[in-house]
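Keep in mind that this is a model prediction, so the values were computed, not measured. Letters go in sequence order (proteins before strands), and every chain restarts at 1.
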Amino acid sequence: MPELAEVEFFRKRWSVAEGERIAAVFTHPRAKIFRGTDPAALARELPGARLLDSAAAAKQMLFHFNGDRWLGVHLGMSGELRVETSAYVPAKHDHLVLRTAQRALVFADPRMFGRVDFHLGAGPPAWWTKIAPPLLSRAFTAAAVAAFLRRRRRAPIKAVLLMQERFPGIGNWMADEILWRAAIHPQRLAGSLTAAEVRTLWRECRQVARLALRTIAGVGGKLPPDLNVHIPRTWLFWHRWEDGGLCPITKKPLVREEVGGRTTCWSPARQKLHPRR
DNA sequence: CTATGTGTTCGTGT
DNA sequence: CACACGAACACATA
């Protein structure tokens with residue numbers, strides 16, 4: 001489920017506990033969520049620690065506690081972070097619960113593709129510092145995108161947009177939204193895009209990231225009540241799963257098909273496989 | 001009962 | 001060697 005903006009939304013939820021001290025830790029007895037990490041180490045090290053700050057990058061989050069303690073979270077496909085009352089009793093799909101005096105921070109994930117990483121050290125862990133530069137940073141340049149598309153020239157552009165090593169945080173719906181706005185057919189091979197198309201693609205990557213963060217993760221300190229309530233009806237987002245869905249721009253039918261191993265939605269009237277040049 | 005999904009990783013083939 | 005692709009992971013929901 002969660003891509004860039006949703007990840008930021010969930011990070012902000014837990015960030016209400018910044019400054020609070022962890023009193024107790026619950027870990028699900030047979031959670032696969034803790035791949036590399038030992039749940040026992042977590043339960044031993046976190047109690048007594050104060051949540052200092054947090055950050056989101058790509059589809060990951062990092063929560064920083066005092067005493068050089070770091071908690072990484074990846075939500076996988078079905079993960080979410082919630083905030084419950086301090087008396088909260090963990091339910092079936094809750095894998096990690098951090099209790100403070102004021103509340104309970106819950107990580108739930110039915111499909112268990114998510115991940116929790118605990119790290120002890122003076123600085124953030126390597127997996128965090130290695131994450132590619134954000135779409136909205138100066139380092140995410142049109143030239144870097146062009147070079148990457150050249151390297152991946154034989155893969156469909158849809159599949160390339162999902163590669164986190166260059167497009168951190170872009171997931172299935174964002175990729176479709178970007179291609180739709182850029183009027184590029186998802187099955188075009190990355191190497192077939194013109195220089196102008198590459199530049200448009202780069203611009204729309206940034207624009208969709210900016211708009212998604214604003215509408216989903218809120219502005220300033222405010223968080224929307226639900227994930228998607230503020231997404232405009234003019235986005236492809238709301239129409240991609242409708243049967244008989246229409247392109248908000250051309251009003252012509254949308255198409256849904258597998259591209260690059262993922263269900264992909266596009267507007268054939270707008271996104272041509274063989275554009276006239 | 002079967003098919004599907006807002007994700008990542010691994011093995012295999014080119 | 002680099003890259004492309006399909007399968008696997010695990011479970012709720014339609």
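Under a 3.5 Å cut-off, the side chain of A:Glu20 and the backbone N or O of A:Ala101 do not form any donor-acceptor pair. Remark: side-chain polar atoms of A:Arg103 are not paired, donor with acceptor, to backbone N or O of A:Ser86 under 3.5 angstrom. Within the 3.5 Å criterion, the main-chain N or O of A:Trp180 finds a donor-acceptor partner in the side chain of A:Arg270. The closest donor-acceptor contact from the side chain of A:Arg152 to the backbone of A:Val160 lies at 3.5 Å or more, if one exists at all.
In this structure, A:Ile157 places its CD1 atom 13 Å from P of C:dC5, rounding to the nearest Å. As a whole-Å value, the separation of A:Met112 CE from B:dT9 P is 18 Å. The distance between atom CD of A:Glu80 and atom C1' of C:dA12, rounded to the nearest whole Å, is 13 Å. Atom CG in A:Leu75 sits roughly 10 Å away from atom P in B:dT8 (whole-Å rounding). In this structure, A:Glu3 atom CD and B:dT8 atom C1' are separated by 14 Å, rounded to whole Å. If you take CD of A:Glu258 and P of B:dA3, they are 13 Å apart, rounded to a whole angstrom. Whole-Å rounding puts the A:Phe167 CZ to B:dG7 P distance at 15 Å. At whole-Å resolution of the value, NE2 in A:His95 and P in C:dC9 are 17 Å apart.
Side chain of A:His74, nearest nucleotide from B:dT9, C:dC11, B:dG7: B:dG7. When distances run from any side-chain atom of A:Pro156 to the nucleotides C:dC5, C:dC11, B:dG5, the shortest one goes to C:dC5. Distance from the side chain of A:Met163 is smallest to C:dA4 among B:dG7, C:dA4, C:dC5. The nucleotide whose nearest atom lies closest to any side-chain atom of A:Phe113 is, among B:dG5, C:dC9, C:dA4, C:dC9.
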Exercise for review: Using the side chain to side chain contact (heavy atoms under 4.5 Å, CB included) rule, take A:Gln187 and A:Lys158 through it: C-alpha gap first, then chi angles, then the decisive distance, then the call.
Suggested key: CA-CA 7 Å; A:Gln187 284 174 326; A:Lys158 166 65 186 278; over 6 Å; no
Exercise for the section: Let me see the working for A:Ile216 and A:Asn228 under side chain to side chain contact (heavy atoms under 4.5 Å, CB included), right down to the final yes or no. Expected result: CA-CA 6 Å; A:Ile216 293 171; A:Asn228 302 329; 4.2 Å; yes
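Within the 4.0 Å cut-off from OP1 or OP2 of B:dT8, not a single side-chain nitrogen or oxygen of A:Arg115 is found. For the pair A:Lys92 and C:dC11, the criterion of a side-chain N or O lying under 4.0 Å from OP1 or OP2 is not met. Contact annotation: A:His93 side-chain N/O to C:dA12 OP1/OP2 distance is under 4.0 Å.
Note on A:Arg154: only backbone sugar-phosphate atoms sit closer than 4.0 angstrom, heavy atoms only; bases stay farther off. Looking at heavy-atom distances under 4.0 Å, A:Arg152 makes contact with sugar-phosphate atoms alone, never a base. A:Asn228 comes within 4.0 angstrom of a nucleotide base, judged by non-hydrogen atoms across all strands.
A:Arg111 contributes a side-chain N or O that forms a donor-acceptor pair with the base of B:dG5 under 3.5 Å.
No side-chain heavy atom of A:Thr100 sits under 4.5 Å from any side-chain heavy atom of A:Leu51. Using a 4.5 Å heavy-atom threshold, the side chains of A:Val208 and A:Arg181 count as touching.
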Writing each nucleotide of DNA chain B 5' to 3' as (, ), [, ], | or . by Watson-Crick or G-U pairing under 3.5 Å yields .||||.||||||||
